[in-house]
Amino acid sequence: MDNERIKILLVDDDEDDYLITRDLLSQSKDRIYDLEWVSTYEEALRSIINGEHDACLFDYRLGEYTGLDLLKEAVSAACKAPIIILTGQGERDIDIEALKAGATDYLDKTEITAQLLERSIRYAIERKRTEDRILRMAYYDTLTKLPNRSLFHDRLSKALAHAERYTGNCALLFLDLDNFKRINDTLEHRIGDLLIRGVADRLNHYVRSADTVARQGSGFITNTVARLGGDEFTILLTEISTIEDVAKVAQRILVILSQPFILDGHEVFASASIGIAIYPYDGEDMNTLIKNADTAMYHAKDFGKNNFQFYKNSMNATALERLTLENSLRKALERREFVLYYQPRVDIATGRIVGMEALIRWNHHQRGLIQPADFIPLAEETGLIIPIGEWVLKAVCKQNKIWQDSADIYTPVILSLNLSGLQFRQDTLMKVIEKVLDSTGLDPSFLELEITESVIMKNADTTVVMLNRLKDMGVLISMDDFGTGYSSFSYLKRFPLDNVKIDRSFIRDINENDEDAAIVKAIIVMAHTLNLRVVAEGVESEQQLELLEEFGCDEYQGYFFSRPLPEADVVHFIRKRSPQSSSTF
Ligand code: C2E
Ligand code: MG
Ligand code: MG
């Protein structure tokens, strides 16, 4: 214990008291005290949360607060250090209250001596250590050091209360090793213990790192792995966002456990069966959830072990389908399964095709053509949209150049493509576009990027910078699905846009719904004052087109003129549409 360094936090609004305390502590012969002094309640809270102190001294008088207020706050913030309350004259009667609230000791400042202070601190630290040891024994499993059943129940009930309050979800995974008894019987029990410990370490390590995978935001209860006894573990995942995320975690656990364990020279293979119950669907209270996760675990055993099962069968189907889809989406690029369709965009005044929007489809080797709504969200979640988007960009630029160079189409058109939010926020976007334009030789003024209103409006200030950089390259920019986000006029003015595409939902009932008609009319007027062209999306009838023309809309796109066409049909379609003027597009 000689020359042990002890970190003390002193909260006292009186500098003289700080100087006295510092002086008293410096008299110690065999310890060095690092004294941090803060004088306000707020600073104190910050220090308590950030700091790693061995002990805290709180003065009872802290401006409008008392040391007792701070004590309660510190205890609820799970302050690990023992706390000693310092009282002045006539405040001694708060002693019992302070001890009840969690203080380790209290000292009357008027009677304090160096010896007394030091003894109190030493005693507080020792007592805290003993308490911690007892707590560890009561709440942690000695073999694996994981939380035991008691602590697990405690965490689970807290997580459920939190989920109920914030209408969140959480998942309970019940994990049981497969054939553990055989391992235990054929090798020695000692090896069995080592295996349990090895499994615990892998689970704990993974679940901690998976915190961010399955969790959004900052919940105050983190994911927990516990050992219930024997070869049974539970994993609590808090704040999950989708069933698929839980399936992913379970799948990953199976993979992690499938790596051989080297235990005292023996190579041991292990696997596990996992049952999953989701709050609140599979139970709204702790016992039901535990029971159902356990049942699901037995289903997994019946299913042939080394797999996971949700308590509800429908969830198994959802999770499986999504995992399968994700796996094949990962391979879709190399299998060349993506195709582009092109939908013409028509100038209302002249009736000419002025551009085409490239729309992706996934030609799945087993399931046939899949529409973007059924895989773009998944591609965004998994980040696969980045390579897919790059493929679209290359394909579009290449195709446009081919059409421009071919003898069939004389007037070049603008091809537009949809940029996902993730792509838009990639630092490398500009470089990628520059490279593609360079390698295909396409003039940038024939490439248009469609970015949805909601993506543009998110972090509007950085968006302006990004858009300006894109504009400088000479490409065109279109605000897609306009009307569904919350653009304000003042922002629109700042964005260097070429046109806005009014969302289909406003066009659909434009002839019947006066309100929609009024909105569309207003958007057109507003956009024109900002020198933006207006494109109406999803025009399906002549009546819609007539009204749009009356409102002064510039261009339209929709089934009325043409559905999106496969690449091979584009040239043919255009020739048919303009028989007299094959020289114009
Ligand atoms: P979007 O960019 O708003 O594209 C317009 C959608 O409206 C297309 O659906 C198009 O087929 C559909 N549409 C066009 N005219 C009509 C009409 O008259 N009536 C109706 N009911 N629908 C019409 P699609 O091709 O299913 O694409 C849906 C969305 O998927 C697109 O919406 C776009 O946000 C996204 N998407 C498509 N291709 C890509 C891509 O290559 N990359 C990215 N990131 N997203 C894409
Ligand atoms: Mg679009
Ligand atoms: Mg759109």
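All ligand and atom numbering here is 1-based and tracks the order in the structure. In this text the structure is predicted, and so the values were computed from the model without any measurement.
Under the 4.5 Å side-chain criterion, counting only non-hydrogen atoms from C-beta, Q544 is in contact with N511. No side-chain heavy atom of F174 sits under 4.5 Å from any side-chain heavy atom of I276.
Remark: D481 does not engage K501 in a salt bridge, criterion side-chain N to carboxylate O under 4.0 Å. Comment: K305 does not engage D176 in a salt bridge, judged by the lack of any side-chain N to carboxylate O separation of less than 4.0 angstrom. Salt-bridge check for R330 with E326: passed, with a basic side-chain N closer than 4.0 Å to an acidic carboxylate O. Taking the charged nitrogens against the carboxylate oxygens, D516 and K521 have no contact shorter than 4.0 Å, which rules out a salt bridge. Salt-bridge annotation for E337 and K331: absent, with no side-chain N of the basic residue lying under 4.0 Å from a carboxylate O of the acidic one.
Atoms of ligand 1 lying under 4.0 Å from any heavy atom of G538, numbered from 1 in the order shown and given with element: 15 (N), 16 (C), 17 (C), 18 (O). Annotation for ligand 1: atoms under 4.0 Å from non-hydrogen atoms of V392 are 41 (O). Close contacts between ligand 1 and D481 involve ligand atoms 3 (O) [criterion: under 4.0 Å to a heavy atom]. Ligand 1 places these atoms under 4.0 Å from at least one heavy atom of E540: 17 (C), 18 (O), 19 (N), 20 (C), 21 (N). Close approach to D480 involves these atoms of ligand 1, each under 4.0 Å from a residue heavy atom: 1 (P), 2 (O), 3 (O). Applying the 4.0 Å criterion to heavy atoms of P372 picks out, from ligand 1, the atoms 24 (P), 25 (O), 26 (O), 27 (O), 28 (C), 30 (O), 37 (C).
Distances from the Mg ion (ligand 2) to each N, O or S atom of E450 single out OE1 as the nearest. The name of the N, O or S atom in E357 nearest to the Mg ion (ligand 2) is OE2.
Remark: the backbone N or O of K458 is paired with a side-chain donor or acceptor of T463 at under 3.5 angstrom. Looking only at distances, no side-chain donor or acceptor of N363 sits under 3.5 Å from a matching main-chain atom of F338.
For E380, no nitrogen or oxygen atom sits less than 3.5 Å from a nitrogen or oxygen atom of ligand 1, counting backbone and side chain alike. Geometrically, ligand 1 and Q423 share no nitrogen or oxygen pair separated by less than 3.5 Å. Considering backbone and side-chain N/O atoms, I360 comes within less than 3.5 Å of an N/O atom of ligand 1.
For atom 44 (N) of ligand 1, the candidate residues are N418, T452, I507; the nearest heavy-atom contact is made by N418. Looking at R504, Q343, R563, it is R504 that brings a heavy atom closest to atom 22 (N) of ligand 1. Proximity annotation for atom 17 (C) of ligand 1: of Y559, W391, F424, Y559 comes nearest, heavy atoms only.
Heavy atoms of Q557 stay at 4.0 angstrom or farther from ligand 1. Judged by the shortest distance from any of its heavy atoms, R508 lies outside the 4.0 Å radius around the atoms of ligand 1. Residue contacts with ligand 1 leave out L417, since none of its heavy atoms falls under 4.0 Å from the ligand. Taking 4.0 Å as the cut-off, A373 does not count as a neighbour of ligand 1 on heavy-atom distance.
Aromatic ring centres of Y342 and W403 lie closer together than 6.0 Å. Note: F303 and H299 fail the aromatic proximity criterion, with ring centroids not under 6.0 Å apart.
With a 4.0 Å cut-off on non-hydrogen atoms, K501 does not touch ligand 1 at all. With a 4.0 Å cut-off on non-hydrogen atoms, S420 touches ligand 1 through its backbone as well as its side chain. Under 4.0 Å from ligand 1, the heavy atoms of V539 that appear belong solely to its backbone.
The angle subtended at the Mg ion (ligand 2) by OD1 of N418 and OD2 of D480 is 90°, given to the nearest 10°.
For the pair R155 and F152, the cation-pi test (distance below 6.0 Å, angle within 45°) is failed.
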Working note: E448 + R345, criterion salt bridge (Lys or Arg N to Asp or Glu O under 4.0 Å); need CA distance, chi angles, decisive distance, verdict. CA-CA 12 Å; E448 181 168 287; R345 212 163 89 190; 2.7 Å; yes
